[in-house]
Amino acid sequence: MYESPFLKLKRWQWWLLVAINIFFLIAGQAAAVLLGRFYYDKGGNSKWMATLVQTAGFPVLCIPWFLLHPSREASTSSTSPSIKTLALLYFVLGVLVAGDNMLYSVGLLYLSASTYSLICATQLAFNAVFSYFLNSQKFTALILNSVVILSLSAALIAVNDDSDGPSGVPKGKFLIGFLCTLGASALYSLLLSFMQLSFQKVLKKETFSVVLEMQIYTSVVASCLSTIGLFASGEWKSLQHEMEVFGTGRVSYVLTLVWTAITWQVCAVGVVGLIFVVSSLFSNVISTLSLAVTPLAALVVFHDKMNGVKVIAMLLALGGFASYIYQNYIDDKKAMQTQ
């Protein structure tokens with residue numbers, strides 16, 4: 001039976017580790033979404049490039065990975081999975097990541113940053129279902145309440161006649177963006193549950209380096225697939241033109257892609273770290289909090305419209321988040337009493 005090594009930490013050490021990962025996730029995700037919308041707004045149009053930058057920043061993780069990598073003696077324990085098993089695991093996860101990133105790229109192309117973020121909040125509802133079947137997560141009344149509230153939030157966005165897209169995008173593309181973002185949220189939740197299952201059943205390592213290792217190898221696979229898609233689709237031919245006509249200049253174009261890649265990696269470390277330290281459900285809760293707050297940032301940066309329906313949808317998303325947090329508080333209190 002797998003036992004988390006973080007049970008050995010003192011309470012304040014555990015919370016410090018959780019807080020660091022929460023900061024990485026929220027800051028990284030908010031910045032990455034806004035930069036992705038900025039790329040499209042200023043003249044970028046390559047869906048495959050937008051997909052590639054979500055994983056292409058993985059080399060920056062190699063430095064901390066080498067510093068945190070366990071010794072050879074620790075890495076060759078009898079519980080370590082075989083190279084073949086690891087290769088298959090990271091390949092499957094990498095394929096899922098690449099597909100998920102492509103769906104998100106299409107969604108962000110056709111939706112405003114605020115609408116996109118509010119739809120993404122449904123990932124918490126999807127995760128509750130997948131966690132129940134794959135990770136033995138309890139399905140309590142509070143969780144059910146949160147699922148219903150988040151579903152209503154997404155439904156409000158879907159039926160909102162005044163839902164806005166970026167300038168120059170036909171209204172008919174809204175449905176495509178909505179369905180792609182909704183599908184991406186479901187696939188992302190499935191991916192988180194698979195990651196948690198992998199930590200428990202396959203990896204079973206007691207160092208944080210496993211978090212970085214998973215992120216690096218899955219990013220390598222996803223980046224290779226995105227690069228193949230970029231060339232196979234022919235979109236690589238338009239990149240030079242994109243750079244020349246980019247609204248804020250060639251240097252800004254390059255920096256936008258570079259910082260988008262870096263912020264997505266910062267976010268991913270927080271996501272995988274929270275899965276390892278707590279659970280996929282908690283990781284998704286924090287991700288949802290960021291998505292509920294992102295529309296406010298989009299309102300300031302891009303002057304997105306915030307009509308009454310969007311405000312209600314955002315409040316519902318925050319309500320669903322609060323319901324999950326309270327359930328987590330109850331479970332944590334019970335665990336402390338048991339100890």
Side-chain angles (χ1 to χ4, degrees), residues 21 24-40 44 46-66 86-109 116 120 123 180-181 183-192 194-195 198 209-233 235-236 239 253-276 280 283-284 287 290-291:
N21 282 289
F24 283 166
L25 196 163
I26 293 179
Q29 183 167 259
V33 170
L34 294 179
L35 284 169
R37 184 64 260 160
F38 180 80
Y39 166 75
Y40 285 133
S46 173
K47 295 184 288 293
W48 280 110
M49 177 55 73
T51 301
L52 177 60
V53 295
Q54 293 183 52
T55 53
F58 69 86
V60 301
L61 302 179
C62 292
I63 297 175
W65 181 70
F66 278 120
L86 284 176
L88 179 61
L89 172 65
Y90 291 142
F91 178 77
V92 171
L93 290 175
V95 171
L96 290 176
V97 168
D100 190 47
N101 290 346
M102 183 58 180
L103 289 173
Y104 275 132
S105 297
V106 175
L108 192 55
L109 174 61
Y116 165 87
C120 285
Q123 66 194 34
C180 285
T181 306
S185 298
L187 185 56
Y188 176 76
S189 299
L190 179 63
L191 183 64
L192 290 188
F194 272 144
M195 283 183 173
S198 300
S209 67
V210 73
V211 174
L212 298 174
E213 183 178 295
M214 173 177 281
Q215 179 58 26
I216 290 171
Y217 288 134
T218 55
S219 293
V220 169
V221 174
S223 297
C224 289
L225 292 175
S226 299
T227 302
I228 292 172
L230 180 65
F231 282 91
S233 66
E235 287 187 1
W236 66 275
L239 296 182
Y253 176 83
V254 174
L255 289 176
T256 298
L257 295 178
V258 169
W259 280 108
T260 302
I262 293 174
T263 51
W264 272 123
Q265 290 306 305
V266 171
C267 171
V269 170
V271 168
V272 182
L274 286 177
I275 293 172
F276 194 40
S280 69
S283 178
N284 221 337
S287 181
S290 175
L291 290 167

What's the spacing between [X] [atom1] and [Y] [atom2] if we round to 0.5 Å?
{"X": "Leu255", "Y": "Ile262", "atom1": "CG", "atom2": "CD1", "answer": "9.5 Å"}
{"X": "Leu103", "Y": "Leu108", "atom1": "CG", "atom2": "CG", "answer": "12.5 Å"}
{"X": "Lys47", "Y": "Leu109", "atom1": "NZ", "atom2": "CG", "answer": "6.0 Å"}
{"X": "Asp100", "Y": "Leu187", "atom1": "CG", "atom2": "CG", "answer": "4.5 Å"}
{"X": "Leu257", "Y": "Leu239", "atom1": "CG", "atom2": "CG", "answer": "8.5 Å"}
{"X": "Leu225", "Y": "Leu96", "atom1": "CG", "atom2": "CG", "answer": "10.5 Å"}

Qualifying side-chain hydrogen bond (donor to acceptor under 3.5 Å, both in side chains) pairs with a residue from residues 49-59, counting only residues at least two apart or across chains: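 side-chain hydrogen bond (donor to acceptor under 3.5 Å, both in side chains) check on residues 49-59 returns Thr51-Ser105, Gln54-Ser105, Thr55-Ser223.
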Listed by chain and number, what are the side chain to side chain donor-acceptor pair (under 3.5 Å) partners of [X], not counting sequence neighbours?
{"X": "Ser46", "result": "Glu235"}
{"X": "Tyr188", "result": "none"}
{"X": "Thr263", "result": "none"}
{"X": "Tyr40", "result": "none"}

Val97 and Val221: CA distance, side-chain angles, deciding distance, side-chain contact (heavy atoms from CB on, under 4.5 Å) verdict: CA-CA 9 Å; Val97 168; Val221 174; over 6 Å; no
Not counting sequence neighbours, which residues clear side chain to side chain contact (heavy atoms under 4.5 Å, CB included) with [X]? List them please.
{"X": "Cys62", "value": "Phe66, Ile216"}
{"X": "Ile26", "value": "Ile22, Ile286, Leu289, Ser290"}
{"X": "Ala186", "value": "Phe126"}

Might you point out which heavy atoms bring [X] and [Y] nearest each other, and give the distance in Å?
{"X": "Ser198", "Y": "Leu93", "value": "OG-CD1, 4.5 Å"}
{"X": "Val60", "Y": "Gln265", "value": "CG2-CB, 4.4 Å"}
{"X": "Val269", "Y": "Asn21", "value": "O-OD1, 3.5 Å"}
{"X": "Val266", "Y": "Gly28", "value": "CG1-CA, 4.4 Å"}
{"X": "Cys180", "Y": "Gly107", "value": "CB-N, 4.2 Å"}

Aromatic plane relationship, Tyr39 with Tyr253 - under 30° parallel, 30 to 60° tilted, over 60° perpendicular: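 Tilted: the ring planes of Tyr253 and Tyr39 meet at 30° to 60°.
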Test of understanding: with ring-ring contact (aromatic ring centres under 6.0 Å, His included), list the residues that count as partners of [X], not counting sequence neighbours.
{"X": "Phe91", "value": "none"}
{"X": "Trp259", "value": "none"}
{"X": "Phe58", "value": "none"}
{"X": "Tyr217", "value": "Tyr90"}

Close side-chain approach of Val53 to Leu35, heavy-atom, < 4.5 Å: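 Heavy-atom side-chain distance check fails, nothing below 4.5 Å.
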Heavy-atom side-chain proximity of Met102 to Trp48 below 4.5 angstrom: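 A side-chain contact under 4.5 Å exists here.
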side-chain contact (heavy atoms from CB on, under 4.5 Å) evaluation trace for Val33 with Arg37: CA-CA 6 Å; Val33 170; Arg37 184 64 260 160; 5.7 Å; no
Polar side-chain atom of Thr181 near backbone of Cys120 as donor-acceptor pair, under 3.5 Å: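 Pair absent, no side-chain N/O of Thr181 close to backbone of Cys120.
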